[in-house]
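All residue numbers refer to positions in the sequence shown, counting from 1. No hydrogens, no waters, no symmetry mates; every other heavy atom, side chains included, goes into these values.
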Amino acid sequence: MQVPAAFEYAKATSVGQTLQLLEQYGEDARVIAGGHSLIPMMKLRLARPTALIDINDVAELSYIRVDGSQLRIGALTRHAELLASPLVEEHYRIFADAEKVIADPLVRNRGTVGGSLCQADPAEDLSAAFAAVDASVVVQGPRGSRTVPLTEFHVGPYETVVEAGELLIEILVPIRPGGGSAYLKVERRVGDWAVAAAGAALWLSGGTVQRAGIGLAAVGAEHFRATEAQEFLVGRPATEETFAEAGRIAAEHTNPVADQRGPVDYKRHLAGELTTRALRAAAARARGQEA
C-alpha cells in the first residue's frame with residue numbers, strides 16, 4: 001500500500017492567507033489544488049511536505065480575461081475552463097489544442113493551469129504551449145510580486161524560480177492580432193505524457209514570417225523553447241520548405257533521453273516533424289484558411 005508520510009493540512013480562502021500559511025509552516029510546506037502530480041509523488045515518498053495548504057477556495061485566482069493587450073489567466077483556472085474559454089479560442093487556439101490531449105476529463109476538471117506550470121515536468125504540455133506564445137508569470141510573496149518570463153521560470157526538471165513562501169498567481173500572454181497557433185503531440189495512448197510534442201505561433205505579413213514562437217515538450221529543449229528555430233523563421237517566407245528547415249533546426253537542438261517511450265533518435269525525429277506540422281497548422285490559421 002502506498003501511503004504518504006504524515007503532514008499537516010490547512011485551507012486558505014485568499015492569496016494573503018495562503019502566504020501567511022506558507023510562512024507559518026515553513027519552506028517544506030506545499031500548495032495543493034488539483035493534486036494530480038503532488039499526491040502520487042507523496043504516496044511514493046518522492047515528496048514529503050510537512051504541510052499541505054489547500055487553495056481550492058481562493059476564488060480570486062480563478063479567471064480568464066483580456067486586459068488591454070494581454071490575456072490574463074489566474075493560476076487556479078482549471079484545465080477544462082481554459083479549454084472551454086471563448087477568449088482563449090479567439091486569441092490562442094494552441095491552448096485548446098494542448099488541453100484536448102492533456103490527461104482525461106476527470107483530471108482536466110480539477111487540475112489547474114498554475115499547478116501544471118509549477119510541476120515543471122519536462123513532458124508537460126502547457127509549459128510548451130505557453131513558451132510558444134511568449135508568456136510571463138506573476139509570482140507573489142511576502143515582499144510583493146514579480147513578473148518572470150516563462151523562459152526564466154523553469155530552471156530544471158521539476159524546478160522553478162518560485163521560492164519558499166511564494167505563490168504563482170497569474171499567467172500573462174501578450175495578444176498580438178493576426179497570428180495563428182497550434183499544438184501537436186505524439187503519445188503512447190490517449191491522455192498519456194508526451195513522447196514528443198510541439199507548439200507553434202506565427203504572425204505573418206504578406207506571406208513573410210514577422211514573429212514566431214516554438215515550444216517543445218518531452219525532448220529536452222531548454223526552457224521548453226526552440227530558440228534557434230524561432231530566430232531562423234523571422235523574415236523568411238512562410239513556405240513548406242521554411243517550416244521543414246525550422247523543424248530540422250529545432251530537432252538538432254533538442255536533448256531527449258531514451259526511456260520506455262522511445263529511443264533518442266526517434267524522439268528527435270518526432271520533434272522535427274511535429275514542429276514542421278505545428279508551423280504549417282499555425283500558418284493556415286493565421287491566413288484564415290482553417291475554421
Side-chain angles (χ1 to χ4, degrees), residues 2 4 7 9 11-13 15 18 29-44 46-47 49 52-65 71-89 92-133 135 137-139 150 153-154 157-160 162 166-173 183 185 187-195 197 199 215 217-218 224:
Q2 297 176 349
F7 59 90
Y9 173 84
K11 197 172 184 66
T13 57
V15 170
T18 303
R30 294 291 181 269
V31 168
I32 187 167
H36 294 101
S37 297
L38 179 58
I39 295 299
M41 293 179 70
M42 290 174 61
K43 292 169 72 174
L44 292 170
L46 297 175
L52 291 184
I53 300 168
D54 187 336
I55 62 169
N56 279 290
D57 288 343
V58 184
E60 64 190 280
L61 293 183
S62 180
Y63 57 85
I64 301 172
R65 59 175 176 255
L71 180 65
R72 307 181 70 160
I73 303 167
L76 199 61
T77 301
R78 310 290 173 176
H79 290 292
E81 293 170 334
L82 192 68
L83 175 59
S85 169
L87 286 175
V88 171
E89 178 74 10
Y92 282 109
R93 292 181 60 187
I94 187 173
F95 297 126
D97 290 348
E99 287 291 3
K100 289 174 183 176
V101 294
I102 291 176
D104 54 45
L106 290 175
V107 171
R108 292 196 293 267
N109 284 338
R110 295 297 300 168
T112 64
V113 175
S116 290
L117 294 182
C118 286
Q119 178 65 11
D121 191 300
E124 210 286 306
D125 294 291
L126 281 189
S127 295
F130 278 112
V133 299
V137 299
V138 180
V139 178
L150 200 70
F153 181 70
H154 297 107
Y158 308 102
E159 292 184 278
T160 73
V162 179
E166 290 188 322
L167 180 69
L168 172 65
I169 62 170
E170 187 177 41
I171 303 95
L172 307 175
V173 183
Y183 190 83
K185 172 180 177 177
E187 53 198 338
R188 293 184 302 173
R189 56 185 178 272
V190 174
D192 194 8
W193 293 105
V195 177
F224 295 91

Would you please name every residue forming a ring pair (Phe, Tyr, Trp, His ring centres under 6.0 Å) with His79, sequence neighbours left out?
-> none
Contact check, side chains of Trp193 and Glu187, non-hydrogen atoms, under 4.5 Å = no
Selection residues 113-133 - residue pairs positive for ring pair (Phe, Tyr, Trp, His ring centres under 6.0 Å), sequence neighbours left out | Phe95-Phe130
How far apart are the closest heavy atoms of Ala132 and Gly215, and which atoms are they?
-> CB-N, 3.6 Å
Note: Val173 and Ala135 closest approach over all heavy atoms is CG2-CB, 4.1 Å
side-chain contact (heavy atoms from CB on, under 4.5 Å) with Arg72: which residues, sequence neighbours excluded?
-> Tyr63, Arg65, Asp67, Gln70, Glu170, Leu172
Of all heavy-atom pairs linking Ala217 and Phe224, the shortest is CA-CD2, 4.4 Å
What heavy-atom pair brings Leu71 and Tyr92 nearest, and what distance separates the two atoms?
-> CD2-CD1, 4.4 Å
Residue pairs meeting salt bridge (charged side-chain N to carboxylate O under 4.0 Å, His left out), one or both in residues 106-122, sequence neighbours left out, come to none
Heavy-atom closest pair (Leu168 atom, Cys118 atom, distance to 0.1 Å) is CD2-SG, 3.6 Å
Using a 4.5 Å cut-off on heavy atoms from C-beta on, say whether the side chain of Leu126 contacts that of Leu82.
-> yes
Do Arg78 and Leu83 touch side chain to side chain, with heavy atoms closer than 4.5 Å?
-> no
For Thr18, all residues meeting side-chain contact (heavy atoms from CB on, under 4.5 Å), sequence neighbours excluded = Ala12, Leu22, Val31, Ile53, Ile55, Val58, Leu167
Across all chains, not counting sequence neighbours, the side-chain contact (heavy atoms from CB on, under 4.5 Å) partners of Met42 are Pro4, Phe7, Leu38, Ile39, Ala47, Pro49, Leu52
Nearest non-hydrogen partners of Arg93 and Glu89, listed with the distance = CG-O, 3.3 Å
